[in-house]
Amino acid sequence: MTQRYDYIVIGSGIAGLYAALLARRHGSVCVLTKGGIDECNTRYAQGGIAAAVGSDDDSALHLQDTIAAGAGLVDAEAARILVEAAADRIHDLVDFGVPFDSTDGEVQLGREAAHSRNRILHAGGDSTGAHIELSLGGLARMSRITIKEYVQVEELVVEHGRCTGVLAMDTRTSATERFDAAAVVLATGGCGQLFRVSTNPDVTTGDGIALAYRAGAEVEDMEFIQFHPTALRMPGVPIFLISEAVRGEGGVLRNAGGEGFMPRYSEQAELAPRDVVARSIVSEMAATGTDRVYLDVRHLDAGRIRARFPQIYRYCFGHGLDITREPVPVSPAAHYLMGGVRTNTWGETTVRGLYACGEVACTGVHGANRLASNSLLETVVFAKRVVQRSLAASGEAAPPTDGALELPAYGQEGAGAPDRPSLQDLMWDTVGIVRDGDGLRQATRQLAAWRAGLPLAHDRPSHELSNLLLVGRLMAEAALLREESRGAHFRTDFPEPRDGWRRRLVFRRAA
Ligand code: FAD
Ligand code: SIN
């Protein structure tokens, strides 16, 4: 039996919940999410959300910083929309109950790398995402929105070129049901689970990108994955982000010999763009023969550290590390996908009736490298535009790209299907922070062979593995084609940016 709604929203992170809360004013809404409602990247966001709301700031400066971080590939119009809508979307979040931190009625504004002003709003110190998820999730549960947890979308239904619904499986019973809607909104997040070391939770398996690609939508900028410089590295302790805001407060990175090394790599030192800091750490680890460096906050006021970063302080303390007395062992981890399902500035994909917002979407605002805390902002700015557009235009689509590429066929035999850790090892070793042509070629062939040998997916893990393999292939192929280094994409065989590469790579499945 088919269930019908005006809107199907896939995913219950900030993008999905915010879109659903707006859409419910205009029609019936069903949110499908493959885990519990708060199993998503959003819940783990620490630093906060960027908006030029300080008295010394304005959206033009925010735009300038965003464009500079994106290393020549930012879509200027999309970025302008992003920064100009920021203050209004922050007001919406406040109206939805997000308790941003303030002092004497003035919102507190933190600093993060490559921002020229303090412009990061946060909640609960370093628990911004948890507060957002709690506020929006609570409201959604109390509203007329239908929320179906533990339901994984496994296919988008496209009829006569238009997306009319989805096929989704109840992961507890394995029963598959069809859901139809006038508007299908992908809000499925990123693909950090592609890598052995990642800040992203288990659900982050690139499903939305794989679903959209299989449905004929275009995906772009897949070579640009951001590695966060500082994830906690302690033996036996699950990976945990140590927010960039810690460096924004004055934390210093030291190598195994105790040297503060960042000034050797960049004038901006600890506040250089993320890709620069991540690569500097990799280089220091290699030079000193260790698998970690240290983030030192011992010179900062201990009370201030505990108050500003209560979650980080508690997590480390719970694992026997008092960060006010000992340096924090850290190393880089896969964190955020700049690319994704290509959309126009209204969140329309190249398939009619199919919208995308949040990390799954590629609006072009981040270019080759995302400015810290611009991603939570992007989710709400473009989720709002998706809902606006769904009212104004029924099932338009973004125009297709001339010269979109197809995945090459290598005519290989299928190899036995890998498990997730083998795939993550391959991606980390060959499509990671530092890449080269030989490694990328090896990855593309191996991924193609693994995909060819994959049995039909039948449950959540096998669907996720199949999606990861497809998304990994798109990433590796794009990284192999881009014979230059730009933003988060760094190749030792082409270590500089090249003018001819000031363009984006778009993939579309052969019809
Ligand atoms: P998510 O929050 O990841 O939600 C995706 C949802 O889709 C989940 O509910 C998932 O279960 C569901 N889903 C996926 N596939 C399917 C399927 N097939 N069927 C049904 N449901 C599906 N950004 C900032 O701007 N500031 C920060 O301070 C910040 N800190 C971060 C800290 C950490 C540790 C991490 C991991 C990320 C951080 N980011 C930060 C990035 C930011 O949190 C994410 O980009 C953002 O939350 C993405 O929101 P989303 O709604 O698009 O996706
Ligand atoms: C962090 O707090 O360092 C994460 C911020 C982000 O990813 O934007």
Side-chain angles (χ1 to χ4, degrees), residues 8-19 31-51 110 112-115 120-123 126-130 132-133 136-137 147-156 166-169 171 185-193 198-211 226 228-231 239-248 274 277 309 311-312 333-338 340 356-361 366 370-380 382-383 460 463-464 467:
I8 299 286
V9 178
I10 313 171
S12 58
I14 181 173
L17 290 176
Y18 182 77
V31 174
L32 303 173
T33 191
K34 69 176 171 179
I37 191 168
D38 64 355
E39 287 180 54
C40 55
N41 270 359
T42 300
R43 169 184 161 191
Y44 298 95
Q46 293 184 358
I49 178 164
E112 285 181 1
H115 283 277
I120 316 299
L121 293 91
H122 45 84
D126 54 2
S127 305
T128 311
I132 289 175
E133 203 54 31
L136 303 193
I147 300 172
K148 292 186 180 284
E149 293 172 282
Y150 305 101
V151 173
Q152 182 181 25
V153 173
E154 52 189 33
E155 193 180 322
L156 300 174
V166 305
L167 292 179
M169 179 185 63
T171 59
V185 183
L186 276 175
T188 47
C191 59
Q193 279 292 314
S198 170
T199 63
N200 293 193
D202 274 1
V203 290
T204 319
T205 52
D207 294 10
I209 300 163
L211 289 167
Q226 183 171 73
H228 196 290
T230 57
I239 291 167
F240 181 80
L241 185 76
I242 307 294
S243 176
E244 190 152 297
V246 176
R247 278 174 282 131
R274 266 183 201 174
V277 182
F309 303 111
Q311 190 190 179
I312 294 172
H335 185 61
Y336 180 85
L337 179 68
M338 271 73 75
C357 55
E359 194 168 334
V360 68
H366 307 304
R370 172 178 66 101
L371 193 59
S373 291
N374 262 0
S375 73
L376 288 175
L377 178 61
E378 183 196 25
T379 64
V380 285
F382 290 94
R460 178 171 151 184
H463 278 291
E464 289 181 338
N467 292 334

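Everything numeric in this text was worked out from a predicted model, so none of it was measured. Order of appearance sets the numbers: ligands from 1, and atoms from 1 within every ligand. Only this structure's heavy atoms are used, side chains among them; waters, hydrogens and symmetry mates stay out.
Neither the backbone nor the side chain of Val360 comes within 4.0 Å of ligand 1, counting heavy atoms alone. Of the heavy atoms in Val151, only backbone atoms (N, CA, C, O) come closer than 4.0 Å to ligand 1. With a heavy-atom cut-off of 4.0 Å, Asp207 touches ligand 1 through its side chain alone. Contacts between Ala50 and ligand 1, counted as non-hydrogen atom pairs separated by less than 4.0 Å, are absent for every part of the residue. Contacts of Leu241 with ligand 1, taken as heavy-atom pairs under 4.0 Å, involve the side chain alone. Looking at Asp126 against ligand 2, nothing comes within 4.0 Å, counting heavy atoms. Residue contacts with ligand 1 for Gln46 involve N, CA, C or O but no side-chain atom from C-beta outward (heavy atoms, distance under 4.0 Å).
Listed by number with element, the atoms of ligand 1 under 4.0 Å from a non-hydrogen atom of Ile14 are 49 (O), 51 (O). Every atom of ligand 1 is numbered from 1 in the order shown, and the set under 4.0 Å from a heavy atom of Gly358 is 52 (O). Atoms of ligand 2 found under 4.0 Å from any heavy atom of Ser373, numbered from 1 in the order shown, are 6 (C), 8 (O). Per-residue contacts place Asn200 under 4.0 angstrom from the following atoms of ligand 1 (heavy atoms of the residue considered): 36 (C). Taking every non-hydrogen atom of Leu32 and a distance limit under 4.0 Å, the qualifying atoms of ligand 1 come out as 20 (C), 21 (N). Using a 4.0 Å cut-off to heavy atoms of Gly47, the atoms of ligand 1 that qualify are 28 (O). For ligand 1, the atoms sitting less than 4.0 Å from at least one non-hydrogen atom of Ala187 are 5 (C), 6 (C), 7 (O), numbered in the order shown with element in parentheses. Atoms of ligand 1 lying under 4.0 Å from any heavy atom of Tyr336, numbered from 1 in the order shown and given with element: 45 (O). Ligand-side atoms of ligand 1 in range of Gln152: 18 (N), 19 (N), range being under 4.0 angstrom from any heavy atom.
For the pair Thr199 and ligand 1, a heavy-atom separation below 4.0 Å is found. Using a non-hydrogen distance threshold of 4.0 Å, Val246 does not register as a contact of ligand 2. Within the structure, the closest approach of Glu244 to ligand 1 does not fall below 4.0 Å when heavy atoms are considered. Within the 4.0 Å heavy-atom shell around ligand 1 one finds Arg370. In this structure, Gly129 falls outside the shell of residues with a heavy atom less than 4.0 angstrom from ligand 1. Heavy-atom distances between Ile10 and ligand 1 reach below 4.0 Å in at least one pair. Not close to ligand 1: Gly208, with no non-hydrogen atom less than 4.0 angstrom away.
Checked by distance only, ligand 1 and Val153 come closer than 3.5 Å through their nitrogen or oxygen atoms. Backbone and side-chain nitrogen or oxygen atoms of Ala45 are examined, and none is located within less than 3.5 angstrom of a nitrogen or oxygen of ligand 1. The shortest N/O to N/O separation between Ile37 and ligand 1 does not fall below 3.5 Å. An N or O contact shorter than 3.5 Å is missing between Thr379 and ligand 1 by distance. By the 3.5 Å distance cut-off applied to N or O atoms, Ser375 is not counted among the residues near ligand 2. Any N or O atom pair closer than 3.5 Å counts here, and Lys34 shares at least one such pair with ligand 1. Between Ile242 and ligand 2, a contact under 3.5 Å exists for no N or O pair.
Remark: minimum distance from atom 6 (C) of ligand 2 to any protein heavy atom is reached at Arg274 NH2, 3.0 Å. For atom 49 (O) of ligand 1, the nearest protein heavy atom (residue, atom name, distance) is Thr42 OG1, 3.2 Å. Annotation: atom 8 (C) of ligand 1 to nearest protein heavy atom, Glu39 O, 3.4 Å. Scanning all protein heavy atoms for the shortest distance to atom 14 (C) of ligand 1 gives Thr188 O, 3.4 Å. If you check which protein heavy atom lies closest to atom 52 (O) of ligand 1, you get Glu359 N, 2.9 Å. Scanning all protein heavy atoms for the shortest distance to atom 3 (O) of ligand 1 gives Asn41 N, 3.0 Å. Taking atom 2 (O) of ligand 2 as the reference point, the nearest protein heavy-atom neighbour is Ser243 OG, 2.6 Å. Scanning all protein heavy atoms for the shortest distance to atom 40 (C) of ligand 1 gives Ser375 OG, 3.8 Å. Counting protein heavy atoms only, atom 4 (O) of ligand 1 is closest to Cys40 CB, 3.3 Å. Of the protein's non-hydrogen atoms, the one nearest atom 53 (O) of ligand 1 is Gly189 CA, 3.4 Å.
Residues Tyr44 and Glu133 have side chains not in contact (no heavy-atom distance under 4.5 Å, counting atoms from C-beta outward). Side-chain contact between Glu112 and Ser243 is present, with heavy atoms from C-beta onward closer than 4.5 Å. Contact annotation: the side chain of Asn41 approaches that of Pro201 to within less than 4.5 Å [non-hydrogen atoms, C-beta and beyond]. Taking the side chain as every heavy atom from C-beta outward, Thr230 and Glu244 never approach each other to under 4.5 Å. For the pair Leu241 and His335, the minimum side-chain heavy-atom distance is below 4.5 Å.
Taking only non-hydrogen atoms, the option from Glu464, Met169, His335 nearest to atom 38 (C) of ligand 1 is His335. Between Phe240, Tyr44, Tyr18, Tyr150, it is Tyr44 that holds the heavy atom closest to atom 32 (C) of ligand 1. Across His122, Gln226, Glu244, Glu112, heavy-atom proximity to atom 3 (O) of ligand 2 is greatest for Glu244. Proximity annotation for atom 28 (O) of ligand 1: of Ala19, Gly137, Gly11, Gly48, Gly48 comes nearest, heavy atoms only.
Glu464 and Lys34 are joined by a salt bridge, as a carboxylate oxygen and a charged side-chain nitrogen come within less than 4.0 angstrom of each other.
For the 3.5 Å distance criterion, the side chains of Thr205 and Asn467 fail to qualify, holding no donor opposite an acceptor. Using modelled atom types and a 3.5 Å distance limit, the side chains of Glu378 and His366 yield a donor-acceptor pair. At a cut-off of 3.5 Å, with distance as the only test, no side-chain donor of Thr171 or Arg460 sits close to an acceptor on the other residue.
Across every non-hydrogen atom of Ser12 and Ile37, the tightest pair is OG-O, 2.7 Å.
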